Amino acid sequence: MASLCYMRRLWDTTQVYRLLRVASQHRSAQQLQHQKVMDNKPWALFSDVGGDGLVEEVISIMKQHFNLVCHKDFLQNPQQNGPKIEALFLWGPLPAAEPSLLSLLPSLKVIANGGVGIDHIDVPYVNSVGVKVTNTPGVVSDATADIAMGLLLASARKIVRAHQLATGPETTLIMPELMGTEVTGSTLGIIGMGHIGSRIAQRARGFDMKILYHNRNRRSVEDEQAVGASYCKNMDDLLQQSDFVMLAVNLTPETTNLISRRELSLMKPTATLVNISRGKVVDQNALVEALQSGTIGAAALDVTHPEPLPRDHALLRLPNVLITPHVGTHTLNTTKKMVEKMVENAVAVVQGLSIPNEVIPK
Ligand SMILES: O=C(O)[C@H](O)CO
């Protein structure tokens, strides 16, 4: 009986060893396979110029599909990896896709831009050297609309100044300079009623705002009703009637300096200009003048020209200006969705599949 038990234990042990050996062989086969997949992955350059704030969780989305080289490392020795790079992950609106960079990337097939605005990329030029450009529409709209409403509210209710005073050395409760502007029931004029503009309108309805909009093309009656917005064919009418003017247009030659001295002079002296599109849509010198002279009441800007503004810029010294550093899309959720789309687009180009979001020059 004892020897039967011994035999049985021996058999069990042998089995365990055998199973362990099979498992370890299987594992190393898997590792080898994984290594092979890694080696087969295409190479991408990751423009960390604008992505310095990206967390590993986001970067790993790119690493799953590409061997990633970051811009900083790449520039140390461009000859080493340059010829292998097939995709460039670029963070708008940084002008990193310049001819000098492209000339170091002879195998480049795609610039996958993170964000909707592609005003920083010369698409016809890039296409002419055989490289596609893609962007990430749709996924940025909610986060951008959130920051638009955040800026509007913070500016109207002087939230940043209120925080400074509440946490400063004085403990007085009487703070006349914190007298705010009522948002509820006021009139919001949205210039540019695309995806982001409509998301802003949806949010503004929650504040019982009267919503006007101006757009190159009038939206359908159903679209207007869905967000409760009325069309102003003439932008001047919108400027004259609005308490808050929200800029949500793309930057194009037509929208460059869209809001200049004349347009500012049409706005109410109590009005606030909110810009979440691109800095160049506003003539900044005219804006400084309008804010200094009381032509308009305040400005809240997520975008400026340039970004960041030089530290001695007049806009930084005005008490009626609120500025954030182009953080419209900067939430973890939205950033992940953008990167997923960038990767999806880049993989499609590299593998010759149909491209979900190719930017076609007009
Ligand atoms: O264009 C966009 O979507 C944002 O501004 C991010 O650059």
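Counting starts at 1 for both ligands and their atoms, in listed order. On a predicted model such as this, the values are computed, not experimentally measured, just so you know. When a residue number appears, it is its place in the shown sequence, counting from 1.
Remark: E344 pairs with no residue by the salt bridge (charged side-chain N to carboxylate O under 4.0 Å, His left out) rule, at least two apart or across chains. Among residues two or more places apart in sequence or in another chain, the salt bridge (charged side-chain N to carboxylate O under 4.0 Å, His left out) test is passed with R203 by D142, D146.
Atoms of ligand 1 found under 4.0 Å from any heavy atom of R278, numbered from 1 in the order shown, are 1 (O), 2 (C), 5 (O), 7 (O). Taking a cut-off of under 4.0 Å to the non-hydrogen atoms of H326, the atoms of ligand 1 that pass are 4 (C), 5 (O), 6 (C), 7 (O).
Using a 4.5 Å cut-off on side-chain heavy atoms (C-beta onward), L105 and V131 make no contact.
The shell of residues lying under 4.0 angstrom from ligand 1, judged by heavy atoms, excludes M338.
Two rings, from F89 and F66, have their centers less than 6.0 Å apart.
Considering N250, V303, V116 only, the shortest heavy-atom separation from atom 3 (O) of ligand 1 involves V116.
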